[in-house]
Amino acid sequence: MDILQLENKNIVVMGVANDRSIAWGIAKKLFAVGANVIFTYRQERSAKKLNLLLEKNNYKATVIQCDVNSDESIATAFTEIGEKFGTIHGIVHSVAHARAEDLHNRFLETSREGYAFAQDTSAYSLIAAAKAAHPYMTEGGAIVTMTYLGAERVLDGYNVMGVAKAALEAAMRYLAADIGQDNIRVNAISAGAVRTLAAKGVPSFNTILHKIEETAPLKRNISQDEVADMTVVMLSPLSRGVTGETIYIDSGYHIMG
Ligand SMILES: NC(=O)c1ccc[n+]([C@@H]2O[C@H](COP(=O)([O-])OP(=O)(O)OC[C@H]3O[C@@H](n4cnc5c(N)ncnc54)[C@H](O)[C@@H]3O)[C@@H](O)[C@H]2O)c1
């Protein structure tokens, strides 16, 4: 029995930079269950890597440019997706960015511009993408975003990104409340530490990996694959009763004192 029921569903995956990206792990699972995956990317560099990955794995997908800092780019991308596929059934929002200096400097030094940039890219982008996709989510569906424990706890070197993730989680809940009436669910996956391009920007990343190994109930770090599995569940009707929720894929780390 196909319990995931994602075959031929049109799922937009935002945020593949390379094969280490959390979004790529999710895309691989989506291909495996027969979904129609539509990718958005920001930079040509990412598009090149993505096309090579697709070729190498013999996956067929539509790849569209979308810079989440630009309303025009978001509107163009989702209009193109909507017109090409008619219906959007799901979105994976796996996008975040902050200025390097705002992760390295003292939090006190956070600039107005750096704060706004992190919020715009990492939190507002969820609202903007949901708004642009909404006219095409006519059969209901699911939106899943990626967050991190730094939203609720002070983690060394996460700084302005922690504040952006807190806003992202709140935005996720407000969206869930607003578009639940259209049978669209919105949830967040709070992933443990995964070695990716974005993670390279967090100065204390290696220390975080070791601390999780020592402290988490499962005494190990989690993998891209584990985040992907739960994301696919959250996109599928298996999780049909869940919305506005943050789900931790972190070996249980967040429960520890
Ligand atoms: N790696 C971790 O340990 C970890 C843990 C918890 C949550 N997350 C979150 O997972 C998500 C994916 O990150 P990742 O770790 O896979 O790293 P990644 O660097 O592979 O992915 C981040 C993506 O964001 C995209 N992006 C940045 N600015 C953009 C813009 N203006 N427009 C469009 N796309 C833009 C990048 O192009 C990239 O593809 C992020 O939200 C990140 O905060 C990561």
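As the structure lists them, so they are numbered: ligands from 1, and atoms in each ligand from 1.
On a distance-only criterion, A23 and ligand 1 share no N/O pair closer than 3.5 Å. In terms of polar-atom proximity, D67 is counted as a contact of ligand 1, with an N or O under 3.5 Å from an N or O of the ligand.
Those atoms of ligand 1 that come under 4.0 Å of a heavy atom in T196, given as number and element, are 1 (N), 14 (P), 15 (O), 16 (O), 17 (O). Residue N69 has at least one heavy-atom neighbour below 4.0 Å for each of these atoms of ligand 1: 31 (N). Less than 4.0 angstrom separates some heavy atom of A193 from each of these atoms of ligand 1: 3 (O). If you number the atoms of ligand 1 from 1 as listed, the ones under 4.0 Å from a heavy atom of A17 come out as 20 (O), 38 (C), 39 (O). Every atom of ligand 1 with a heavy atom of F205 under 4.0 Å away is listed here by number and element: 3 (O). For ligand 1 and V194, the ligand atoms under 4.0 Å from any heavy atom of the residue are 1 (N), 2 (C), 3 (O). Ligand 1 places these atoms under 4.0 Å from at least one heavy atom of G192: 3 (O), 5 (C). In the vicinity of C66, heavy-atom distances shorter than 4.0 Å reach the ligand 1 atoms 32 (N), 33 (C).
The proximity of T121 to ligand 1, defined as any non-hydrogen pair under 4.0 Å, is limited to the side chain. Neither the backbone nor the side chain of T145 has a heavy atom within less than 4.0 Å of ligand 1. Contact annotation: for V16 versus ligand 1, heavy atoms closer than 4.0 Å belong to the backbone alone.
In this structure, a donor-acceptor pair under 3.5 Å is absent between the side chains of T87 and N10.
Ranking the protein heavy atoms by distance from atom 26 (N) of ligand 1 puts V95 CG1, 3.6 Å first. T147 O, 3.0 Å is the protein heavy atom nearest to atom 7 (C) of ligand 1. From the protein, the heavy atom lying nearest to atom 27 (C) of ligand 1 is A96 O, 3.6 Å. Among protein heavy atoms, atom 32 (N) of ligand 1 sits closest to V68 N, 2.9 Å. Ranking protein heavy atoms by distance to atom 16 (O) of ligand 1, first place goes to I22 N, 2.8 Å. For atom 39 (O) of ligand 1, the closest non-hydrogen atom of the protein is G15 O, 2.9 Å.
When K165, H93, M146 are ranked by how near their heavy atoms come to atom 43 (O) of ligand 1, first place goes to K165. When A198, S94, A77, S21 are ranked by how near their heavy atoms come to atom 23 (C) of ligand 1, first place goes to S94.
With R220 as the partner, the salt bridge (Lys or Arg N to Asp or Glu O under 4.0 Å) test is satisfied by one option alone out of E226, E214, E213: E226.
Cluster annotation: V12 is connected to Y136 through the hydrophobic network of ILVMFWY side chains, with a link wherever side-chain heavy atoms come within less than 4.5 Å. Under a hydrophobic clustering in which Ile, Leu, Val, Met, Phe, Trp and Tyr are joined whenever their side-chain heavy atoms come within less than 4.5 Å, directly or via other members, I64 and V68 fall into the same cluster.
Between E169 and E152 the shortest heavy-atom distance is OE1-OE2, 4.3 Å. Across C66 and S73, no two heavy atoms sit closer than the pair CA-OG, 3.3 Å.
Shown here are the side-chain hydrogen bond (donor to acceptor under 3.5 Å, both in side chains) partners of D229, two or more places apart in sequence or in another chain: K29. Partners of A116 by side-chain contact (heavy atoms from CB on, under 4.5 Å), not counting sequence neighbours: none found.
The shortest side-chain heavy-atom distance between L30 and L235 falls under the 4.5 Å cut-off. Counting heavy atoms from C-beta outward, F107 and V154 have side chains that stay 4.5 Å or more apart. Counting only heavy atoms from C-beta outward, the side chains of L53 and W24 approach each other to under 4.5 Å.
Distance screen at 4.0 Å: atom 5 (C) of ligand 1 has a protein heavy-atom neighbour inside the cut-off.
Classified by interplanar angle (parallel below 30°, tilted 30° to 60°, perpendicular above 60°), the ring pair F31/F39 is tilted.
Within 6.0 Å of the CG atom in D156, the count of heavy atoms belonging to other residues, nucleotides or ligands does not exceed 12.
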